[in-house]
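Computed from a predicted model, the values in this text were never measured in an experiment.
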Amino acid sequence: MRRISWMLAMVMCVTLLLAGCGKKSADDVVKDLSDVVSDLNSYHGTALMTLHTGDTPQEYKVDISYRKPSYYRIAMTNEKKDVTQIVLRNDEGVFVLTPSLNKSFRFKSDWPNNQGQVYLYETLVRSIIGDASRQLATDDKSYVFDVAANYNSHALVRQKIWLSKNNYAPTQVQVSDANAKVVVDLKFDQFAFDTKFDKDSFDMERNMASGKTSAGSEGSPSSGAVDSSGLPDSSGTLEGTTGVTSSGSGQGQGTVGNDVQQPAGEAKSDGAVTGDTSKPEAAANAEAQQQTPSTADGATGTSVGTDAAEAVLGEFGLIEPSYTPGGVQIKDTPELEDNGTHAVMLRYSGTYNYTIVEARPKDRAVALSAGELVDIGGSFAVLTGSEQQTMTWMNDGIEFRITSADLPVSEMIQIAASIQDQSGK
């Protein structure tokens, strides 16, 4: 009897030991993730990103392609607005492409090495490895990490990252604010490692050409890509209008259709001073009018074709942000001289003083001085200047500039995000 009891006890111990060995700890998973990243050759994924930053959730389709050592292609599509942004990195530099308008912009940058993006696998893994206080939970199919968010926004505090137990591919990411409200929800439709791409999948000319073939296949550089299973990659994208920047010295960034942005307080050739929110209306008019193509140190801009651009020019009305900082009121909306850009201005005063200039500029080559990339939700903006700062971005072919000497960047981001879903009045 005692022998049988002893044998049963041994069986139970072995069973428990085997069960314990089958469950990985957070440190075990982190070690595996380090190995995955070090051996990473390529990947391709598609996802639906939902932003809960305004009254109405905004949805974007994101197509992500990467090939070792540093080739990237990111296409972000707002299907409701029929607007897409394509960011491309290859040996020639970083490009922002607008295929439907036949526009391209090239600049030098370490992007995305110096930027965190929620849809990039390397960023997610880096967040997990870098947070010593990480928390790990599991469900039937996934490892779920709860870690600190490390993006360019103080409003984003925590994030949950779902990784497949099979191969550590991302399946979902939720980024929350200080009140534990989900602000960004990214759900991957597919994600495959070791994707095989055509030789020219990351070529600028191919991406521009593929974006003009038809509305259904616009912007799809991966038409020749196949995943690790050998099946064709049928994901597609549309067109885009905004650019990104690097914060490094001597690195520039361009937004299609934008003026050359000088450092704050420096005079332009026409005498207008960038970033001066108290300048007379004549100077403001001059700033809005300036259209001379130029290049900045470390960046070159190109813009070709005018027919498509001319087709979308026209008055768009006054677009007011739905968010205004506390203690701030709109002061006036001075008219700007009509020179073909259909520019309008909004001036605000109170706790903070700032201006918003809106214009639909004609097609031209442009470049910005070195700045900082700012994620404003489904789009990118560039921040330039020091004492007086200017945030510039494009939305629906309209150029927006917020300029202020005292408005915090966090407030600029909220104002910009609140403009994204507004229409002209």
Side-chain angles (χ1 to χ4, degrees), residues 50-58 148-159 174-185 242 261 264-265 273-281 284 287 316-336 343-359 371-396 398-425:
T50 305
L51 304 179
H52 302 275
T53 54
D55 296 334
T56 304
Q58 298 292 311
N150 54 353
Y151 304 108
N152 292 336
S153 173
H154 296 298
L156 304 178
V157 178
R158 301 289 299 178
Q159 60 182 336
Q174 288 184 343
V175 190
S176 305
D177 61 16
N179 298 318
K181 175 189 174 184
V182 175
V183 179
V184 181
D185 188 3
T242 47
Q261 297 290 323
V273 179
T274 302
D276 185 359
T277 59
S278 62
K279 61 171 150 300
E281 185 173 329
E287 180 187 22
F316 50 85
L318 193 66
I319 301 176
E320 296 186 39
S322 59
Y323 171 80
T324 303
V328 173
Q329 293 183 337
I330 188 167
K331 181 180 179 181
D332 55 13
T333 56
E335 294 184 3
L336 301 180
V344 295
M345 175 184 283
L346 298 86
R347 286 200 288 213
Y348 292 82
S349 62
T351 306
Y352 307 114
N353 300 280
Y354 58 93
T355 64
I356 301 176
V357 174
E358 307 168 358
E372 178 184 351
L373 174 70
V374 180
D375 190 338
I376 58 176
S379 184
F380 293 104
V382 60
L383 183 69
T384 56
S386 53
E387 293 183 1
Q388 298 195 64
Q389 296 181 302
T390 296
M391 179 180 289
T392 308
W393 75 99
M394 295 286 293
N395 184 39
D396 287 349
I398 301 172
E399 174 192 291
F400 294 87
R401 289 201 308 272
I402 301 177
T403 301
S404 177
D406 58 6
L407 184 66
V409 175
S410 58
E411 294 287 355
M412 286 188 177
I413 293 174
Q414 290 193 61
I415 294 170
S418 74
I419 291 178
Q420 298 295 86
D421 58 352
Q422 301 297 309
S423 58
K425 298 180 179 180

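Using modelled atom types, one side-chain atom of D177 and one backbone atom of N179 make a donor-acceptor pair closer than 3.5 Å. Remark: side-chain polar atoms of T351 are paired, donor with acceptor, to backbone N or O of G326 under 3.5 angstrom.
Here the OG1 atom belonging to T355 is positioned 5.0 Å from the CE atom belonging to M345, to the nearest 0.5 angstrom. The line from CZ of F400 to OG1 of T390 is 15.5 Å long, rounded to the nearest 0.5 Å. To the nearest 0.5 angstrom, I376 atom CD1 is 8.0 Å from I419 atom CD1.
Across I356 and P321, no two heavy atoms sit closer than the pair CD1-CG, 4.0 Å. The two atoms that bring A149 and Q159 nearest to each other are CA-NE2, 3.8 Å, heavy atoms only. Scanning both residues, L407 and P325, for their nearest heavy atoms gives CD1-CG, 4.2 Å. Between Y352 and D406, the closest heavy-atom pair is CD2-O, 3.3 Å. When all heavy atoms of Q389 and M412 are compared, the pair lying nearest together is O-CE, 3.7 Å.
No side-chain heavy atom of Y151 sits under 4.5 Å from any side-chain heavy atom of V184. For the pair T403/V357, no side-chain contact is recorded, criterion being any heavy-atom separation below 4.5 Å from C-beta on. When side chains are defined from C-beta on, M391 counts as touching I413, because their heavy atoms get closer than 4.5 Å. Here the side chains of L346 and L318 are in contact, with some heavy-atom distance below 4.5 Å.
Residues satisfying the side chain to side chain contact (heavy atoms under 4.5 Å, CB included) criterion with Q414, sequence neighbours excluded, are Y323, E411. Here S176 pairs with V182 under the side chain to side chain contact (heavy atoms under 4.5 Å, CB included) rule; sequence neighbours left out. Take D332 and apply the salt bridge (Lys or Arg N to Asp or Glu O under 4.0 Å) test, not counting sequence neighbours, and it matches R347. Under the rule for a side chain to side chain contact (heavy atoms under 4.5 Å, CB included), the partners of S349 that lie at least two apart in sequence or sit in another chain are K331, N353. Under the rule for a side chain to side chain contact (heavy atoms under 4.5 Å, CB included), the partners of S410 that lie at least two apart in sequence or sit in another chain are P408. Qualifying side-chain hydrogen bond (donor to acceptor under 3.5 Å, both in side chains) partners for D185, counting only residues two or more places apart in sequence or in other chains: Q172.
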Checking V344 against T333 for the side chain to side chain contact (heavy atoms under 4.5 Å, CB included) test, could you report, in this order, the C-alpha distance in whole Å, the side-chain angles of both residues, the deciding distance, and whether it holds? CA-CA 7 Å; V344 295; T333 56; over 6 Å; no
